> 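This is the structure, below, for whatever I ask next.
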Amino acid sequence: MRYDTLIVGGGLGGLVSGIALARNGQRVAIISAGRSALHFLSGSLELYADGYEAIVKLAESHSDHPYNSVGSEHLERYLGATKEIFERAGVALVGDHRRNHLRLSPTGALRPAWLTMSEYVTFASRGEIEGRRVLVVALEGYLDFYPEFVAAGLERCGAACRVVSVGLDELARLRESATEMRAANISRVLVGPVLERLAHKVRGLIEDEELVLLPAVFGLESSEPFERFRELLGSDVRVVATASASVPGVRMQRLLVEEFTRLGGDYILGDRVTDYRAEEGRIVALRTVKHRDEEFTADNFVLSTGSFFSHGLDSTPEGIFEPLFGLDISAAASREEWTARHILDTQPFQRFGVKVDGHLRPTIDGGEVHNLHVVGAVLAGADPVKEGCGAGVVVATALRAAEEILGHRVTRE
Amino acid sequence: MKLEHKNISENNFEQCTKCTICTLYCPMVEVNPLYPGPKQSGPDGERYRLKEPMYYDEGLNYCLNCKRCEISCPSGVRIGDIIALAKVRNRKGLPTVRDMLLSSTVSVGSVATRMSGLVNRSLESERFRRGLESMVGIDHRHTLPRYAEESFEEWFRREAAEKQSCYSRRVSYFHGCYANYNDPALGRELVEVLNAVGYGVRLLEGERCCGMVKIANGRKERAMRDAKRNLVAIRRAVAEGDKVVATSSSCTFALRDEYQYLLGLDNEDVKDSITLITRFLFRQWERGNIKFAFREDFRMRVAYHSACHIERLGWAIYSTSLLRLVPGLELEMLPSRCCGMAGTYGFKRENYDYSQAIGRPLFDLIEASGAEVVATDCESCKWNIERSTSKRVMHPLSILAAALDMERTRELNGVMDK
Ligand SMILES: Cc1cc2nc3c(=O)[nH]c(=O)nc-3n(C[C@H](O)[C@H](O)[C@H](O)COP(=O)(O)OP(=O)(O)OC[C@H]3O[C@@H](n4cnc5c(N)ncnc54)[C@H](O)[C@@H]3O)c2cc1C
Ligand code: SF4
Ligand code: SF4
């Protein structure tokens, strides 16, 4: 099978690159072994916890940070264009890269965020929380949402919170299932008359609160159920991230895949790229498990295979490696140096990953690979947890790779 | 051998990170709270079953074997295979009369085509179907597939077989039960298209049912017997230089993968020679070995539905790439989801409501799409979508056959008109 560009990995990075390339007329395929990290999205894309201005200073402190490979001359343009890219796919985001806002974690912590899906609660600053009257609504029997933590987090900033709990027979029935009362199962029930009944019950519980918070359990396939719920309730209602798989994250993944296929891209799910053929410093073809007697050929290749969770990086007791191409990586050699003792400490392995040059091109045993671009969480140099820079790095490198391949800009000025 | 390799079992169940992604994509979980779901039925349950078979749960029977969990798993756990194997190993008792009937596609098909008038009239009668439901448990709300008056094999022997030796190249065709008894037109189209691009067609000697429905209905022994005979026939054809092409994505999947994983048969030597017709044609076209000339007046708006087993094969791209070659054809991709039929599953009284509930969102999307025709490589999706929506459903090969200018195609491929 012949394409203009082949992308390995169908998560955020692969999809953003793929959409940009397909929109610019390329024939693109994304091959993905499984589903991606988007399924655990907090609802927010994170750019950098210390703010946009701090990214510029990374050039001095962390010269191998992926933001440096993107280049400050491009970065601002990409960040400015991101909202529109998602909007075209049907994902509404709020936020601005020049100024982080605050999102609420499932445990009630306030974390800096760049862009957040519009149904989630966000605050411009801590000061904005003070004096707010908030109703936190738990669903009876649903264990992946911690209303007391959420309330405590907001109260630390001076809000007045009240926690209530509502039950519905339809939800109670979910507990019979061995797949349990998970956000996704709840979202399937919360449609039509059941959604109306929930809205009715919640409305009856509101006293003088101006903000109502529920767990993010609405709309696996579209944002329509939440919009309907908001309409029915008639007051300002928002959702808070849940633990475990994220309903809005699943929806984001689905909408991005649909946008990519609408643009003519081929999304091949459930197939692993296992081997490649190279000639004179260029990748020529890929081989996969399910097309083993067929080569996938292309002019350009993008690697967006994610970090350890997605097996874009792997480890054995002997070392850490990039399993597909055997790309040169940046990682501590000795196993003792991979992890820090306490789980909440800065973990060295977070920054491990594939080394690239200023064009996001990797090396194999020191030799250059000219037509392969590496994007997203598989890259070395960023610590998404400590720096709060997960999706920012992914989106910026994905758009940079698309422009490197096309040789022209993909965003409007 | 390294330590970590010793920790990986054949079906990968210990690779599960408990991320729950598989449960998000299981169509049965979506509609049936009683189904334990892929994570629980697959890797979680396997841990217990390995210790003590009594942990086998009859709830596993709800599984459609659609493998949508499997293609979603980020850790490569063979969830669908784990469940299907557990069913094969642990199923107690004999299959019911109904399950025997539904899975005896060859015996039922050969009788039914001989008496197709009577059979079709009976199947159309609701009273007959209600009788069938109360006697054996085939849901009366299902219109059953019609049987052809003449099987594909009979047509082929009478009309086509003799001419096939005129072609310089040749493939063998695994027609499967559906093309043979219910839709011989599909088989005829296959012969027409392959002949036009310079390929002669042979039937496999002694083709049996692929066995998919027998495995699903707890008749492993019979499936095994059929599978072994098929492999003998396929090996003979491959030894004589043929590729074996099929029109059904489920038969193809069974011959290539289920034989190996579920029946434990070694088909490695012929696996790469078993392929789908759309894959075969597109690859030959891409290599410049065959050419197509299309009718200039051809116009069709098509929505492609990727069936569970072509999705599992990873091969939908060959069918859609082939369709994209047709000028005047507008292609829209339907979001990939199960239609609920799953072979014989949706026919059963106890499954009918779940099956329809699973298909409903897909049917709504199909009704809402601007397409006139739905294209799919699976025969059971075809029945189900046709009876559940207002749209016509065609195999991609049938669309190709309708779009080709056969005469010019024959000329382009240097085929003499006879
Ligand atoms: C659990 C989790 C939660 C996170 N939450 C957030 C958040 O809320 N906000 C934020 O900003 N960041 C978050 N991050 C950071 C995250 O890494 C990025 O936001 C982003 O989703 C990563 O995208 P990616 O495309 O680089 O990789 P992934 O999303 O990991 O996708 C990689 C894909 O490549 C596939 N793949 C791997 N190897 C192969 C192969 N050989 N062949 C074919 N396919 C292959 C995998 O199956 C997978 O689908 C989170 C990360 C994790 C792990
Ligand atoms: S998707 Fe795979 S790893 Fe995740 S729970 Fe299911 S089987 Fe386990
Ligand atoms: S094979 Fe299909 S029905 Fe069975 S567990 Fe997997 S996704 Fe669910």
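Because the structure is a prediction, the values reported are computed rather than measured. Proteins come first, then strands; the chains are lettered A, B, ... in the order of their sequence lines, and each starts at number 1.
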> Testing the basics here: between B:Ile71 and A:Lys290, what is the closest heavy-atom pair and its distance to 0.1 Å?
CG2-NZ, 4.0 Å

> Among B:Lys67, B:Glu311, B:Arg312, B:Lys271, who wins on heavy-atom pairs under 4.5 Å with chain A?
B:Arg312

> Looking at A:Arg292 and B:Glu268, is any side-chain nitrogen of the basic one under 4.0 Å from a carboxylate oxygen of the acidic one?
yes

> Starting from the C-alpha separation in whole Å, work towards a yes-or-no answer on side chain to side chain contact (heavy atoms under 4.5 Å, CB included) for A:Arg35 and B:Tyr25.
CA-CA 10 Å; A:Arg35 307 275 180 182; B:Tyr25 293 94; 3.2 Å; yes

> Quick one: closest heavy-atom pair of B:Ile21 and A:Ser36, and the distance?
CD1-O, 4.1 Å

> Give the C-alpha distance, both sets of side-chain angles, the deciding distance and a yes or no for side chain to side chain contact (heavy atoms under 4.5 Å, CB included) between B:Tyr304 and A:Thr261.
CA-CA 12 Å; B:Tyr304 182 79; A:Thr261 46; over 6 Å; no

> Chain A contacts: which residues in residues 282-290 of chain B have a non-hydrogen atom closer than 4.5 Å to it?
B:Phe282, B:Arg283, B:Glu286, B:Arg287

> Of the non-hydrogen atoms in A:His291 and B:Ile317, which two are nearest, and what is the gap between them?
CE1-CD1, 3.8 Å

> Identify the heavy atoms of B:Gly314 and A:Ile268 that sit nearest to each other, and give their distance.
O-CG2, 4.1 Å

> So what's closer than 4.5 Å to chain A heavy atoms on B:Ser75: side chain, backbone, both or neither?
both

> Residues of residues 321-332 of chain B under 4.5 Å from chain A (heavy atom pairs)?
B:Ser321, B:Arg324

> How close do A:Phe40 and B:Cys19 get, heavy atom to heavy atom, and via which atoms?
CZ-O, 3.4 Å

> Between A:Asp293 and chain B, with a heavy-atom cut-off of 4.5 Å, which part of the residue counts as in contact: side chain, backbone, both or neither?
both

> Could you walk me through whether A:His39 and B:Leu24 pass the side chain to side chain contact (heavy atoms under 4.5 Å, CB included) test, one step at a time?
CA-CA 10 Å; A:His39 289 66; B:Leu24 296 169; 3.8 Å; yes

> Side chain, backbone, both or neither: which part of B:Arg68 has an atom under 4.5 Å from a heavy atom of chain A?
neither

> How close do A:Arg272 and B:Pro74 get, counting heavy atoms only, and between which atoms?
NH2-O, 3.9 Å

> At a 4.5 Å cut-off on heavy atoms, which part of A:Arg2 comes close to chain B: side chain, backbone, both, or neither?
both

> Can you tell me which portion of A:Glu221 sits under 4.5 Å from chain B's heavy atoms? Options are side chain, backbone, both or neither.
side chain

> Do A:Arg188 and B:Val29 have side chains that get closer than 4.5 Å, going by heavy atoms?
yes

> Is there a side-chain contact between A:Arg254 and B:Pro335 in this structure, where contact means two heavy atoms from C-beta onward sitting under 4.5 Å apart?
no

> Let me know if A:Ser32 has heavy atoms under 4.5 Å from chain B in its side chain, its backbone, both or neither.
neither

> Answer with side chain, backbone, both or neither: which region of A:Leu269 has an atom nearer than 4.5 Å to a non-hydrogen atom of chain B?
both

> Between B:Ser72 and chain A, which part of the residue has a heavy atom less than 4.5 Å away: side chain, backbone, both or neither?
both

